[in-house]
Structures are given as structure tokens and as C-alpha cells.
Amino acid sequence: MNEKFKSILYKSDLTKDEVIYLFSLSDKDEIAQLYKRSDEVRKEFCGDDVHLRGIIEFSNYCEQDCLYCGLRISNDSLPRYRMTKEEILTTVIHIVKAKIKTIVLQSGEDSSYTKEFIVDVIKSIKEKYDVAITLSLGERSFEDYDAWKKAGADRYLLKHETANKKLYSAIHNKQSLDERIKHLEYLKSIGFQAGSGNIIGLPGQTIEDIADDILLCKKLINDMASFSPFIPSNDTPFHNVLKADLEMTLKTMAVARIVLKDAHIPSTTALGSLIENGREKGLEIGANVVMPNYTPNPYRQNYKIYEGKICITDDPLSCAGCLQFKIEALGRTISEDKGDSLKTK
Ligand code: SAH
């Protein structure tokens, strides 16, 4: 191994230039070394446990108009749905029965779900089950976040999408990167375990931007960070944009593991949709989380953020078993605890 490469791989803090250097590797052996190192860092800081997070995508209505996302308000060809409290709670039972200890409630930005409604759902879950709750509802008021934390929610996922301010403004309708960062900082300040992350392969995005994405997650001391490949969605302005490059996606996840060390990093459904066995690949190069999709039929196929999302016609009840099998085949174990932030330990 060349000396510069070796010293970067084993450094505890990487500069932006060093991150870019790793992204620029083209030699197959060196790329293999990078993946070997990220897997080692994962093992050292997170162990062999893979955390399963059961996700319920309870509404695909969205008030935002993000150019990349199939749920955007301007997409009037998408059949929309909203799940009732009873439907959400029935789905929670399925997740609990599968011994999964984290419930992720995700939706488009849908203000028809009031602060009070979400409080009620959180309390109903927490009263009955010993599980962690992750919310992923987009930007809401700080008052809403306060109420949900008080009601017992544990974590909040709000991806920063891109750390490039100009690009952020260009691909979002009225949102700004500064505002998003304020939300992330606020969520952390009131005790949420917070997760952020990017989309890889946005038009106009550079590898410098992706390096900034990883370093921003570090600066925000994210408990969780998700790096997912862009996949085009029909009926969006980005329908003709090429899907993300696989190698760049894997390099990003690997370097993120080396830089972020003990952050929870998912092997995303988008990676699984980009290539066959993508989620297994992600777990081998640094990821330690997978999110089985419990959104019930017939809604499941309409949470169509991008085209070709895997498992949308499956019976949700078979998802966890299928993933469990794949994880064990990699020689990894399924976590039996809630998989809280490793940063609070
Ligand atoms: N409304 C919530 C949840 C959004 S969907 C929120 O705003 O946080 C979850 C994630 O899907 C987004 O954060 C985004 O990173 C990702 N996403 C959206 N469109 C995508 C696409 N075309 N390809 C890959 N990921 C996409």
C-alpha cells in the first residue's frame, strides 16, 4: 500500500482533502482496501450487530416540491393515501411481533397530521411496547418537536440532503440549508437522537460537496447518518437524470464510516434498489442498520419516492424474516436491543 494512502486510512480525523483523495481512488486493490478498512472501523465501533428498524410510511401526501422526489406536491399522477391511527397501531403490532425494537414513522410533509395526533400515536405505542420511536416527518415547528419528545419519541431523521447551499436551494422549493441545520441542531438540543445525511448523484453535485456532506454530519454530531443513491422518479423534473454511480455510493458510505466511526449508518432501501443484493453489500462496507418496510398493502406501492423501489409488492410480514436470513448469511447478528445512539454511551 502506498504510504500516503495507508496513513489516511488509519488516521482518526480526516480533512476534506483526505476525504476527496479517498473518493478519487481508482485502483481496484486500493478501493478494496478502503472497504476492508471501513468494515474494520464498523466492527471496532459498532460490533457485529445489525439493527433492524421497522418503518411505517403512513402518508405519501407532501406539501414540499423537492425536484428529486416522487412524493412532491406537483406530482398529480401519484395516488395518495393517509393511514389512520388504527392502521398505524395495527402495523406496529406486526413490527413488535417480529421482535424489532425500533418503530420508524415516516411520511411526506403532511400537516394534516397535527401535533396532537402524533402525540397520541407516540403515547399509544409507548404505553404498550418497550420500543424506540423514530420520527421522520420533515420540517415541523419547534413546538411540535418539543411535544413529540415529551410524549416519548426518541429519535428524529431529517436528512440535510446536500451540504451545498446553492444546490440545496435549487432543488428545494422554499426550504434552505440554514433552516434545515437549525432544525437538526434544535432536535439534538432537546434530547432527540438525530440523523441526517445526503443523496448521492444529484445533478450538479461535486465530490467536494459529498465530502462536505460527511463532514457536516460529523460537525452536527449526528447519531445516525444515511447516504443514499439518487434514483430518478417519473413525473419529477429529474426523471431524466442518471441514477447514482454505484462505486461512488459505496465509497461515500465507506468513507462516512471511517469519519463518523460510531454513528448508525443504514444500508438503504435505495441501495438495495440500485443493485441486486445492494443492502448486503452496504453492510459489508460499513453499514450497521437496515430498515425493513412494514407499510401495509395497498399503500406500500404508492410511497414512491423513486422508481423501482424493492419489495413494494411483497407481503410486509415476510420482510424482516428475509432480511434476517441475509444478515445471518453475512456472519452478522441481529441486535436484540433498541440500538440507541452509540454516542450516548
Ligand atoms: N418528508 C420526510 C421524509 C422524506 S422521504 C423528510 O422530509 O425528511 C426520505 C428520504 O428519501 C429523503 O430525505 C431523501 O433523502 C430520500 N429521497 C427522496 N427522493 C429520492 C430519490 N429520487 N432518490 C433517492 N433518495 C430520495
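Heads up: numbering here begins at 1 and tracks the sequence. For clarity, every value in this text was computed on a predicted model and none was experimentally measured. Whatever order the structure lists ligands and atoms in, that order sets their numbers, starting from 1.
Of the possible donor and acceptor atoms, one in the side chain of R300 sits under 3.5 Å from a partner among the backbone N and O of D314.
Contacts between S233 and ligand 1, counted as non-hydrogen atom pairs separated by less than 4.0 Å, are absent for every part of the residue. By the criterion of a heavy-atom distance under 4.0 Å, neither the backbone nor the side chain of Q64 is placed next to ligand 1. Within the 4.0 Å heavy-atom criterion, the part of Q106 lying near ligand 1 is the side chain and not the backbone. Contacts with ligand 1 closer than 4.0 Å are made by backbone heavy atoms (N, CA, C, O) of S107 only, the side chain lying farther away. Residue I199 touches ligand 1 through its side chain alone, judged by heavy-atom distances below 4.0 Å.
Note on ring orientation: taking the six-membered ring where Trp is involved, the planes of Y21 and F5 are tilted (angle from 30° to 60°). Y156 and F192 have perpendicular rings, their planes meeting at more than 60° on a 0 to 90° scale where under 30° would count as parallel.
Polar contact check, K159 against ligand 1: a nitrogen or oxygen pair lies under 3.5 Å apart.
When all heavy atoms of R279 and S267 are compared, the pair lying nearest together is O-OG, 2.7 Å.
Of the candidates P229, S228, S59, A270, the one placing a heavy atom closest to atom 24 (C) of ligand 1 is P229.
Inter-residue side-chain proximity for V96 and I125 is flagged as unmet; no heavy-atom pair is nearer than 4.5 Å.
Of all protein heavy atoms, the one closest to atom 7 (O) of ligand 1 is G138 CA, 3.5 Å. The closest protein non-hydrogen atom to atom 23 (N) of ligand 1 is I231 N, 3.1 Å. Regarding atom 26 (C) of ligand 1, its nearest protein heavy-atom neighbour is I305 CG2, 3.5 Å. Counting protein heavy atoms only, atom 14 (C) of ligand 1 is closest to E161 OE1, 3.3 Å.
For the residue pair R332/N288, the side-chain donor-acceptor check at 3.5 Å is not satisfied.
Checked against H160 for a side chain to side chain donor-acceptor pair (under 3.5 Å), the options N222, D213, D212, N198 give a single hit: D213.
Within ligand 1, counting atoms from 1 as listed, the ones closer than 4.0 Å to a heavy atom of G108 are 1 (N).
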Can you check ring pair (Phe, Tyr, Trp, His ring centres under 6.0 Å) on H264 and F45, steps first, answer last?
CA-CA 10 Å; H264 288 303; F45 288 90; over 10 Å; no
